[in-house]
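Index from 1, following the sequence.
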Amino acid sequence: NRLDFNTSGIVIAAKNHQALQRVTAAFRDRQIDKKYYALVFGRVDNAFLITSKMEERLDQKNKMKCIGTQVLYEIPEKELFLNENKGLCATKVEPLLSNAQGSLVSISLWTGKKHQIRAQMNSVGFPLLGDLKYFSHDSFQYSQAVGFNGYFLHSCFLGLPGFRAFNCTPDDDFMHA
């Protein structure tokens, strides 16, 4: 698996070819359970699911765009939703702590496209604090005012069928932000 440059947390590597094949199949078949912590701009009070199609932006290098974004507050069963909505990217967001300026959220990545969390969170008005690629004017201003020099996204859990689950606590910079 891969993490964006400023994302901290779990990265998995296979020790042998057989393990690589099993891990690759699990990712391809969306049997992986991936969870992240993120600091986002704005107050998140309720859990929701973000769905959209995603494609590369032709006008900006290394940037994705969300198409047909929807926010679902009644969160469907994951497997059923994915089977009925092939081609959509889905990200489940749950609030952990909030104030008027920002929220710590738990994110379950149901699919895994490039920059999916960052692009989708920005598309629904909750950009990651400190993100200089996917941001709003207000989130940029606030991030600059508090001195954030990068976004706060941490891969905290990775579950693979047939393997043990992996957990990772965020580092001190994340915890003290």
Side-chain angles (χ1 to χ4, degrees), residues 1-12 27 30 32-54 56-57 60-67 69-75 78 88-159 165-177:
N1 71 317
R2 59 180 168 33
L3 296 177
D4 292 342
F5 179 73
N6 288 328
T7 304
S8 60
I10 301 168
V11 175
I12 192 158
F27 272 94
R30 294 188 173 152
I32 305 295
D33 188 12
K34 298 180 274 188
K35 294 190 175 143
Y36 294 77
Y37 293 133
L39 287 176
V40 301
F41 183 72
R43 185 177 187 92
V44 177
D45 290 318
N46 299 301
F48 56 89
L49 183 71
I50 307 168
T51 67
S52 71
K53 291 188 176 184
M54 294 189 68
E56 292 267 354
R57 288 187 62 144
Q60 291 181 314
K61 185 178 178 181
N62 199 30
K63 193 167 180 181
M64 303 296 288
K65 67 178 173 179
C66 298
I67 301 165
T69 302
Q70 292 187 323
V71 176
L72 308 176
Y73 290 99
E74 290 186 27
I75 299 170
K78 177 182 175 181
L88 282 184
C89 296
T91 303
K92 181 180 173 186
V93 180
E94 298 174 277
L96 299 174
L97 298 168
S98 292
N99 65 32
Q101 290 79 31
S103 301
L104 172 65
V105 296
S106 172
I107 295 176
S108 297
L109 199 56
W110 286 11
T111 55
K113 293 287 187 183
K114 176 181 173 179
H115 298 180
Q116 179 177 326
I117 293 171
R118 296 166 62 201
Q120 284 190 324
M121 291 301 291
N122 186 53
S123 75
V124 298
F126 296 111
L128 273 62
L129 286 170
D131 197 334
L132 299 177
K133 186 175 293 260
Y134 301 95
F135 61 89
S136 67
H137 173 75
D138 290 341
S139 72
F140 179 81
Q141 294 292 336
Y142 181 76
S143 295
Q144 294 296 301
V146 296
F148 289 163
N149 296 317
Y151 57 84
F152 291 86
L153 182 61
H154 177 79
S155 172
C156 61
F157 178 83
L158 184 65
F166 299 91
N167 292 287
C168 181
T169 303
D171 65 14
D172 287 341
D173 288 341
F174 191 101
M175 298 298 285
H176 291 78

Practice item. Starting from the C-alpha separation in whole Å, work towards a yes-or-no answer on side chain to side chain contact (heavy atoms under 4.5 Å, CB included) for M54 and I67. Key: CA-CA 6 Å; M54 294 189 68; I67 301 165; over 6 Å; no
Review point. Hey, does the side chain of S143 reach the backbone of F140 with a donor-acceptor pair shorter than 3.5 angstrom?
Key: no
Check your understanding: Closest approach of N62 and K133, non-hydrogen atoms and distance?
Key -> O-NZ, 3.0 Å
Check your understanding: Quick check: does any side chain N or O of S52 sit under 3.5 Å from a backbone N or O of C66, one acting as donor and the other as acceptor?
Key -> no
Study note, to complete from the structure: dist I117:CD1 -> Y151:OH (nearest 0.5 Å) comes out at 9.5 Å
**Study point:** Polar side-chain atom of S98 near backbone of V44 as donor-acceptor pair, under 3.5 Å
**Key:** yes
Practice item. Return the minimal non-hydrogen interatomic distance between R43 and F126, and the atom names on each side. Key: O-CE2, 3.5 Å
Point to revise | Beyond-backbone contact of V93 with M121, side-chain heavy atoms, under 4.5 angstrom | key: yes
Check your understanding: Once you round to the nearest 0.5 Å, how far does OG of S106 lie from CG of L97?
Key -> 11.5 Å
Review point. How many angstroms lie between CZ in F41 and CG in L128, if you round to the nearest 0.5 Å?
Key: 12.5 Å
Review point. Should E56 and K114 count as an ion pair when the cut-off is N to O under 4.0 Å?
Key: yes
Study note, to complete from the structure: SG of C89 to CE of M64, rounded to nearest 0.5 Å, is 7.5 Å
Review point. What pair of heavy atoms forms the shortest contact from F135 to S139, and how long is it?
Key: CB-OG, 3.5 Å
**Study point:** Stepwise side chain to side chain contact (heavy atoms under 4.5 Å, CB included) check, L158 with I32
**Key:** CA-CA 7 Å; L158 184 65; I32 305 295; 3.3 Å; yes
Exercise for review: Verify the distance criterion only: is there a donor paired with an acceptor across the side chains of Q116 and T91 at less than 3.5 Å?
Suggested key: yes
Exercise for review: Go through the steps to decide whether F48 and L72 satisfy the test side chain to side chain contact (heavy atoms under 4.5 Å, CB included), and finish with yes or no.
Suggested key: CA-CA 6 Å; F48 56 89; L72 308 176; over 6 Å; no
Check your understanding: Would one find more than 12 heavy atoms of other residues, nucleotides or ligands at under 6.0 Å from atom OH of Y142?
Key -> yes
Point to revise | Exercise: identify the closest heavy-atom pair between F174 and L153 | key: CE1-N, 3.7 Å
Exercise for review: Determine the minimum heavy-atom distance between L49 and W110, stating which atoms define it.
Suggested key: CD2-CZ3, 3.6 Å
**Study point:** Nearest-0.5 Å distance that lies between atom NZ in K35 and atom OG in S108
**Key:** 4.5 Å
Check your understanding: Hey, would you say the H154 and Y36 ring centroids sit under 6.0 Å apart?
Key -> no
Practice item. Output the distance between atom NZ (K63) and atom CG (N122), rounded to the nearest 0.5 Å. Key: 7.0 Å
Exercise for review: Mind listing the closest non-hydrogen atom pair of V105 and P95 along with its distance?
Suggested key: CG1-CA, 4.1 Å
Point to revise | Sub-4.5 Å side-chain heavy-atom contact between F166 and I12 | key: yes
Review point. Under 6.0 Å from the CD atom of Q144, do we count more than 12 heavy atoms belonging to anything else shown?
Key: yes
Practice item. For atom CG of N99, decide whether the heavy atoms of other residues, nucleotides or ligands shown that lie under 6.0 angstrom number more than 12. Key: yes
Check your understanding: Using the ring of each side chain (for Trp, its six-membered ring), is H115 parallel, tilted or perpendicular to Y134, with breaks at 30° and 60°?
Key -> perpendicular
Point to revise | Q120 versus T69, side-chain donor and acceptor atoms under 3.5 Å | key: no
